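Just below is one structure, and these are the notes that go with it.
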Amino acid sequence: MKILVIGGGGREHALCWKLAGEGHELFCAPGNPGIAEVAVCNQIKINDRKGLLDWAKEVQAELVVVGPEDPLISGMADMFRENGFLVFGPGQDAARLEGSKAFSKDMMKRAGVPTARHQVFSDPGAAKEFAAQLCASDEGVVIKASGAALGKGVVVCDDFEHAEIVIEEMLVGGIMGDAGRTIVVEERLRGKEFSLLTLVSRSQIRSLPVAQDYKRIGDGDTGLNTGGMGSYSPVNWVSDDLVAQVEEEVVKPILASLAELDIDFRGVLFSGLMLVGEHPYCLEYNVRFGDPEIQTIVSRLGDGFAEALLACAKGEAIPEISVQNNAACTVVVASGGYPGEYEKGNKISVKSVPDSVTHFHAGTANSGGDLVTAGGRVIAVCGVGSDLESAREHAYAGVDGVSFSGKQFRSDIAK
Ligand code: AMP
Ligand code: GLY
């Protein structure tokens, strides 16, 4: 099958790697130097809709997979569908689950999905009043920019003083731009986090193996939130029963509520969850594969991934995908300074690695024959093994083989 993947980060490299590995012919725009090893890349800009559509026609794509959230939120899946393509990725209506945290929380309420108590604000005074109320009954509060902000729009505040500053910065100072003109102020939950990625074909679902993500930049979960610094799977404290519970309480009800609004979902629903005591709460929904969760997940899947994505695109029953009896661990190697300001254009050298290690390129580029850094998260190194310990060892051996000036990574992934 000819498959066109839209995007050019670590997630898209993982998708292309897996789909090419199943014997399909891969095309990717804009792609990156890592993706170019497994797919034909064409550096069409992601906002050049006409260019992307023309290329899809030219290569006669039999399936289009839209990777990142921004194009989904702005309706790229609809555009391809309207032009007769089979598309894995929800339309603009459903992508609001990720594009607007205010919409998403409203839908959770409507669907009865367990989630943190919240209110939506654009007025700083009212927001502070509610934050003060929440802080009076608990330590801390969470402030979220409503719009999509590359995983950096959420601030977990330890006390009201901190919350006040963040509310002021977002609503008055505009530090998150338009994404932060409306905010969600919500109760701070405490528990263990995990992500469930569920393939959705209208009302039918099939969840992928659970992966745990590491959101903070620093070891021991310290420092700022990032897009994700590492992941591993399997997660031994998430049982099959818990997955089934999440499907019943978090996944199915939201899809039913979307269906009530005549919104059809064909893609992947990412539920960001927190286990509080024995109860799973939904922190957020995303409408695309998690990065760096998917690097870990595809490294554990057997055959049948492309067929499953195609079935979702067609709205048909999703065939089973086999899962290998192995473990995988992904460690993100990032630019110094990330998630704040960082340098670009630093020369990268990558030592060759055994089969148990894969380097998934995220923020890399070619410059004058050299591989150079071009983003905050540069390369996600995935190790596989018969158990987590060996997967972890392989991943960190792969990390050692990557060098560039300013390189940083967490040393406690899957520890
Ligand atoms: P989100 O983008 O909504 O998943 O938030 C990013 C991260 O912020 C999550 O992965 C959590 O670590 C943290 N977070 C979000 N909401 C809450 C909450 N209500 N209580 C505690 N931590 C939260
Ligand atoms: N790693 C979390 C995300 O993709 O949003």
Side-chain angles (χ1 to χ4, degrees), residues 7 9-12 14-15 67-70 72-73 97-105 108 113-119 130-131 134-135 138-158 162-163 166 176 179-180 183-197 208 210-218 221-233 250 268-276 279-297 330-332 334 339 360 362 376-377 380 410 413:
R11 165 184 35 233
E12 289 75 31
L15 293 173
E69 60 272 25
D70 281 350
L72 289 166
I73 291 167
L97 279 185
E98 176 157 5
S100 163
K101 285 196 190 284
F103 171 78
S104 186
K105 292 288 290 194
M108 287 184 214
V113 170
T115 186
R117 216 151 40 99
H118 80 286
Q119 282 186 30
F130 184 62
L134 289 177
C135 287
D138 187 17
E139 284 163 40
V141 61
V142 181
I143 314 288
K144 300 183 173 184
S146 181
L150 292 172
K152 294 180 218 159
V154 175
V155 187
V156 180
C157 304
D158 286 326
H162 186 195
V166 175
M176 302 304 311
I183 61 169
V184 174
V185 176
E186 73 178 37
E187 169 194 18
R188 179 174 181 179
L189 300 173
R190 283 163 205 276
K192 291 210 256 184
E193 279 186 60
F194 64 104
S195 319
L196 185 68
L197 273 57
L208 298 176
V210 172
Q212 189 170 7
D213 178 25
Y214 290 70
K215 284 261 166 87
R216 302 288 191 108
I217 185 70
D221 292 332
T222 52
L224 295 172
N225 263 331
T226 68
M229 291 301 290
S231 66
Y232 71 88
S233 177
V250 177
V268 60
L269 182 70
F270 167 137
S271 307
L273 302 149
M274 190 176 275
L275 189 64
V276 182
H279 304 284
Y281 281 73
C282 183
L283 297 180
E284 64 163 347
Y285 292 111
N286 295 315
V287 298
R288 37 80 193 168
F289 291 106
D291 181 353
E293 288 94 326
I294 195 60
Q295 289 87 331
T296 288
I297 291 169
T330 300
V331 179
V332 170
F360 293 113
R377 294 190 293 174
R410 277 183 67 156
I413 307 300

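As the structure is a computational prediction, the values presented were derived from the model and not from experiment. One-based numbering, in listed order, for ligands and for the atoms of each.
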Review point. Of Glu284, Lys144, Lys105, which has the heavy atom at the shortest distance from atom 15 (C) of ligand 1?
Key: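 Among Glu284, Lys144, Lys105, the closest heavy atom to atom 15 (C) of ligand 1 belongs to Lys144.
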
Rounded to the nearest 0.5 Å, how far apart are [atom1] of [X] and [atom2] of [Y]?
X      : Y      : atom1 : atom2 : value
His162 : Ile143 : NE2   : CD1   : 9.0 Å
Tyr281 : Met108 : OH    : CE    : 13.0 Å
Leu283 : Ser104 : CG    : OG    : 10.5 Å
Arg410 : Asp221 : CZ    : CG    : 4.5 Å

Considering the heavy atoms of [X], write down every atom of ligand 1 situated less than 4.0 Å from one of them.
X      : answer
Arg188 : 20 (N), 21 (C)
Leu189 : 18 (C), 19 (N), 20 (N), 21 (C)
Lys101 : 1 (P), 2 (O), 3 (O)
Glu187 : 18 (C), 19 (N), 20 (N)
Ala116 : 19 (N)
Glu186 : 16 (N), 17 (C), 18 (C), 19 (N)
Asn225 : 7 (C), 8 (O)

Under 4.0 Å from a heavy atom of [X]: which atoms of ligand 2 are those, numbered in the order shown and with their elements?
X      : result
Arg288 : 3 (C), 4 (O), 5 (O)
Asn286 : 5 (O)
Gly227 : 1 (N), 2 (C), 3 (C)
Gly290 : 4 (O)

Check your understanding: Are a donor atom and an acceptor atom from the side chains of Thr330 and Thr296 found within less than 3.5 Å of each other?
Key ->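 Short answer, yes.
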
Exercise for review: Measure across Ala163 and Val141 and return the closest heavy-atom pair with its distance rounded to 0.1 Å.
Suggested key: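 The answer is CB-CG1, 3.5 Å.
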
Exercise for review: Check for a donor-acceptor pair, side chain of Arg216 on one end and backbone N or O of Gly223 on the other, with a separation under 3.5 Å.
Suggested key: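 A pair under 3.5 Å: yes.
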
Is the shortest N/O to N/O distance between [X] and ligand 2 below 3.5 Å?
X      : answer
Arg377 : no
Asp213 : yes
Lys215 : no

Point to revise | Any Arg190 heavy atom less than 4.0 Å to ligand 1 | key: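 In this structure, Arg190 fails to qualify as a contact of ligand 1 - no heavy atom is under 4.0 Å.
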
Review point. Tyr285 versus Ser271: any side-chain heavy-atom pair under 4.5 Å?
Key: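 Yes, at least one pair of side-chain atoms sits under 4.5 Å.
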
Practice item. Measure the shortest side-chain to side-chain distance between Pro292 and Asp213 over non-hydrogen atoms and say whether it is less than 4.5 angstrom. Key: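 Contact flag for Pro292/Asp213 side chains = yes.
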
Exercise for review: Apply side-chain contact (heavy atoms from CB on, under 4.5 Å) to the pair Arg188 and Asp158, showing each step before the final yes or no.
Suggested key: CA-CA 9 Å; Arg188 179 174 181 179; Asp158 286 326; 2.8 Å; yes

Practice item. Step by step, work out the side-chain contact (heavy atoms from CB on, under 4.5 Å) result for Val154 and Lys144. Key: CA-CA 4 Å; Val154 175; Lys144 300 183 173 184; 3.8 Å; yes

Check your understanding: Heavy atom under 4.0 Å from ligand 1: found in Leu283's side chain, backbone, both, or neither?
Key ->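 Both backbone and side chain of Leu283 come within 4.0 Å of ligand 1.
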
